[in-house]
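Keep in mind the model is a prediction, meaning the values are calculated, not measured. All residue numbers in this chain count up from 1 along the given sequence.
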Amino acid sequence: MTVPDNGWPADRIDTEHAHSARIYDYILGGKDYYPADQEAGDAMAREWPALPVHMRANRDWMNRAVRWLAETAGMRQFLDVGTGIPTSPNLHEIAQAVAPGARVVYVDNDPIVLTLSQGLLASTPEGRTSYLEADFRDPAAILDAPELRETLDLTRPVALTVIAIVHFMLDEDDAVGVVRRLLEPLPSGSYLAMSIGTAEFAPEEVARVAREYAARDMPMRLRTLAEAEEFFEGLELVEPGIVQVHKWHPDGTGERGIRDEDIAMYGAVARKP
């Protein structure tokens, strides 16, 4: 495991306990994890061998959704909340490959993401990327932050991306309310892209993975399709609506032969009228 030294206080990074973003990085074949994350990832994959397939499918969905937002919807501004550890191609790389002038604000509250954020800031000369350290559960802190206001023009449409994070928000965190407060100041023509954890397709296996997360102080709140629909109330869903991530605009570039029971994530994109 290697982490670039950019002067950030190392004691803010808890290396003794597993972290969801680092587990994700480990399973995706990254390098920014610690032994606790590797142990956790291996334990979870033993409980559900399809876990790596599921995580790669979510990543592939993010790539397709962002490309669709830039190419088809013409979006030029992106607010990515719950960014996680940088993995290329990152959101700004995908958006700026379509539109070099695209602007992106990344938001996360994990110190290791800040430590690694230089990779998130390598914008095209025409565009701009910023990194904001803030908690998803505090929409006001995100929306009022100078990093956001200096990068995005909130009088113009913004694509809000909330990818593979709300399953770590419990009922008391009011995930639906948080997403609505983030969307509230965004103008008509803005979009919401979300992937949302579910146990509806492999309930026993995913429940075992959830128990492994909970045993490491990362309780999960997995949602049904009806509960996923609550995030998109009042918005115009893009076809095919809310579906498992591997079924949303497949382009033949992802893994072949994925079974429904291998995927525990809904994905959808919707327009704010």
Side-chain angles (χ1 to χ4, degrees), residues 18-28 30 32 37 40-41 44 51 54-63 65-66 69 78-87 90-92 104-114 116-117 120 131-143 145 148 158-183 191-199 206 209-210 213-214 216-224 227-232 242 244-245 248 263-270:
H19 186 282
S20 59
R22 299 195 308 254
I23 296 169
Y24 188 70
D25 182 72
Y26 167 66
I27 291 177
L28 288 178
D32 299 304
D37 309 303
M44 292 167 187
L51 183 62
H54 156 80
M55 289 187 170
R56 286 193 295 269
N58 178 71
R59 186 76 194 182
D60 291 341
W61 172 82
M62 186 276 284
N63 294 352
V66 171
L69 286 163
F78 295 81
L79 173 58
D80 182 55
V81 182
T83 295
I85 291 172
T87 302
N90 245 305
L91 189 151
H92 73 279
V104 178
V105 173
Y106 289 107
V107 182
D108 206 289
N109 68 342
D110 181 6
I112 197 170
V113 178
L114 179 59
L116 298 166
S117 66
L120 296 170
Y131 178 81
L132 165 62
E133 185 181 17
D135 195 309
F136 177 52
R137 292 165 292 191
D138 189 356
I142 296 171
L143 294 166
L148 185 145
V158 175
L160 170 64
T161 57
V162 182
I163 298 168
I165 181 175
V166 294
H167 52 276
F168 292 113
M169 297 185 70
L170 305 182
D171 289 343
E172 56 265 32
D173 296 319
D174 186 22
V176 172
V178 167
V179 171
R180 287 177 180 165
R181 288 193 290 277
L182 286 168
L183 276 171
Y191 280 81
L192 170 66
M194 288 188 70
S195 60
I196 301 164
T198 183
V206 175
V209 172
Y213 272 105
R216 294 164 177 83
D217 296 320
M218 292 178 282
M220 303 179 80
R221 172 65 165 88
L222 299 161
R223 290 173 170 83
T224 64
E227 289 170 326
E229 289 171 344
E230 295 177 22
F231 289 98
F232 298 95
I242 305 171
Q244 286 175 285
V245 287
W248 195 92
I263 303 298
M265 197 79 75
Y266 283 119
V269 176

Could you tell me which residues satisfy side chain to side chain donor-acceptor pair (under 3.5 Å) with Thr87, sequence neighbours excluded, listed by chain and number?
none
Taking side chain to side chain donor-acceptor pair (under 3.5 Å) as the test, write out the residues that go with His19, two or more places apart.
Asp110
Counterpart residues, salt bridge (Lys or Arg N to Asp or Glu O under 4.0 Å), relative to Asp37 (two or more places apart):
Arg22
Just jot down the salt bridge (Lys or Arg N to Asp or Glu O under 4.0 Å) partners of Asp135, sequence neighbours excluded, or say none.
Arg137
Taking Ser195 for the side chain and Ala164 for the main chain, is one N or O donor matched with an acceptor at less than 3.5 Å?
yes
Nearest non-hydrogen partners of [X] and [Y], listed with the distance:
X: Ala268; Y: Ile242; result: CB-CG1, 3.7 Å
X: Asp108; Y: Thr83; result: OD2-N, 3.2 Å
X: Ile23; Y: Ala18; result: CD1-CB, 4.0 Å
X: Arg216; Y: Ala40; result: NE-CB, 3.3 Å
X: Val206; Y: Ala264; result: CG2-CB, 3.7 Å

Report yes if some heavy atom in the side chain of [X] is under 4.5 Å from a heavy atom in the side chain of [Y]; otherwise report no.
X: Leu91; Y: Tyr106; result: yes
X: His167; Y: Ile196; result: no
X: Met62; Y: Arg59; result: yes
X: Leu160; Y: Leu183; result: yes
X: Val179; Y: Phe136; result: yes

Please name all residues satisfying side chain to side chain contact (heavy atoms under 4.5 Å, CB included) with [X], sequence neighbours left out, ordered by chain then number.
X: Tyr26; answer: Tyr33, Gln38, Asp42
X: Arg221; answer: Leu170, Asp171, Arg223, Glu227
X: Ala65; answer: Trp61, Trp248, Val269
X: Asp60; answer: Asn63, Arg64

Ring pair (Phe, Tyr, Trp, His ring centres under 6.0 Å) with Phe168: which residues, sequence neighbours excluded?
Tyr213
Mind checking ring pair (Phe, Tyr, Trp, His ring centres under 6.0 Å) for Tyr191 and listing every partner two or more places apart, or none if nothing turns up?
Trp68
